[in-house]
Amino acid sequence: MPIRHIEPPGLMKPMGYTHVVEATGGRTLYIAGQGAFDADWNLVGAGDLEAQARQAYANLLLALEGAGAGPEHLVRTTMYVVDLEQASMGPVMRGIGAALAGRRPAPPASTMVGVTRLAMDGMLIEIEGVAVVDA
């Protein structure tokens, strides 16, 4: 497998992400930011960050599967969260955990960024990713 997760000594123990992910060889996929929309552009979980995180991550997984990949191939994610507060992390992580139910790959390198708004009204989270798949 061309993906290796590294936790360098001296860094804090990460919660829900990996500090360093090394990917060699293979095919690289860049997944556009996924929001909490169903296939008909209906917003799922209006006003509910956990429900939106679950749908956005499920959409990210569908995008990966469409390219012949899975969550184990993710090497990086960026999560944009509207009005991010410390309390927002719990609902986001629970939503992602629900989307990954039964599938526990090593977590990718990840960044969570607070924003004032996203592209569409009502969106509370958008998640983009980079994946590496064996050639």
Side-chain angles (χ1 to χ4, degrees):
M1 187 92 177
I3 298 172
R4 184 170 69 116
H5 295 79
I6 305 165
E7 297 302 346
L11 291 177
M12 63 189 185
K13 181 179 165 84
M15 294 173 43
Y17 67 96
T18 298
H19 281 293
V20 180
V21 179
E22 176 186 58
T24 56
R27 178 171 56 103
T28 304
L29 307 173
Y30 300 90
I31 299 93
Q34 300 297 309
F37 294 96
D38 67 15
D40 294 319
W41 278 98
N42 297 306
L43 182 65
V44 174
D48 183 339
L49 179 57
E50 184 172 336
Q52 286 199 23
R54 180 175 50 250
Q55 181 68 39
Y57 209 83
N59 289 345
L60 182 73
L61 296 177
L62 286 172
L64 285 167
E65 290 168 8
E72 69 276 12
H73 297 109
L74 277 173
V75 295
R76 174 146 185 75
T77 59
T78 304
M79 296 172 271
Y80 302 94
V81 180
V82 173
D83 297 328
L84 179 65
E85 301 175 2
Q86 185 69 33
S88 303
M89 295 174 86
V92 169
M93 299 315 290
R94 285 191 302 273
I96 290 171
L100 282 169
R103 298 159 60 160
R104 289 286 170 216
S110 187
T111 300
M112 189 180 296
V113 180
V115 296
T116 56
R117 77 170 316 246
L118 292 163
M120 307 285 286
D121 289 340
M123 287 178 71
L124 300 176
I125 188 168
E126 186 170 355
I127 306 171
E128 64 184 17
V130 177
V132 176
V133 184
D134 289 338

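On a predicted model such as this, the values are computed, not experimentally measured, just so you know.
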Kindly give the heavy-atom pair with the smallest separation between [X] and [Y], and that separation in Å.
| X | Y | value |
| --- | --- | --- |
| S110 | Y17 | CB-CB, 3.8 Å |
| L60 | G129 | CD1-N, 4.0 Å |
| D83 | S88 | O-OG, 4.1 Å |
| V82 | T116 | CG1-O, 3.6 Å |
| G70 | L64 | O-CD1, 3.7 Å |
| A63 | I31 | CB-CG2, 3.7 Å |

So T18 and E7, do their side chains get closer than 4.5 Å, heavy atoms only?
yes

Does any non-hydrogen side-chain atom of L29 lie less than 4.5 Å from one of V133?
yes

Give the C-alpha distance, both sets of side-chain angles, the deciding distance and a yes or no for side chain to side chain contact (heavy atoms under 4.5 Å, CB included) between M112 and L84.
CA-CA 9 Å; M112 189 180 296; L84 179 65; 3.6 Å; yes

One thing to verify: whether R103 and E65 come together as a salt bridge, which I'm taking to mean a side-chain N less than 4.0 angstrom from a carboxylate O.
yes

With no hydrogens and no angle check, just 3.5 Å: does a side-chain donor-acceptor pair link [X] and [Y]?
| X | Y | result |
| --- | --- | --- |
| R76 | T111 | yes |
| Y57 | Q34 | no |
| Q52 | D48 | no |

Hydrophobic clusters here meaning ILVMFWY residues chained together by side-chain heavy-atom distances under 4.5 Å, can you tell me if [X] and [Y] are in one?
| X | Y | answer |
| --- | --- | --- |
| Y30 | I3 | yes |
| I125 | L100 | yes |
| I6 | L11 | no |
| L61 | M93 | yes |

Assess whether side chain to side chain contact (heavy atoms under 4.5 Å, CB included) is satisfied between M120 and L43, documenting all intermediate values.
CA-CA 9 Å; M120 307 285 286; L43 182 65; over 6 Å; no

Using modelled atom types and a 3.5 Å cut-off, is there a donor and acceptor pairing between side-chain atoms of [X] and backbone atoms of [Y]?
| X | Y | value |
| --- | --- | --- |
| H19 | M12 | yes |
| D38 | D40 | yes |
| T78 | E128 | no |

From CA spacing to verdict: side chain to side chain contact (heavy atoms under 4.5 Å, CB included), V130, L74:
CA-CA 6 Å; V130 177; L74 277 173; over 6 Å; no

Measure the acute angle between the ring planes of W41 and F37, then classify it against the limits of 30° and 60° as parallel, tilted or perpendicular.
tilted

Is it true that atom CE of M89 has more than 12 heavy atoms of other residues, nucleotides or ligands lying nearer than 6.0 Å?
no

Test side chain to side chain contact (heavy atoms under 4.5 Å, CB included) on H5 and V20; report intermediate values, then the result.
CA-CA 6 Å; H5 295 79; V20 180; over 6 Å; no

Rounded distance (nearest 0.5 Å) linking atom CD1 of I96 with atom CE of M79:
4.5 Å

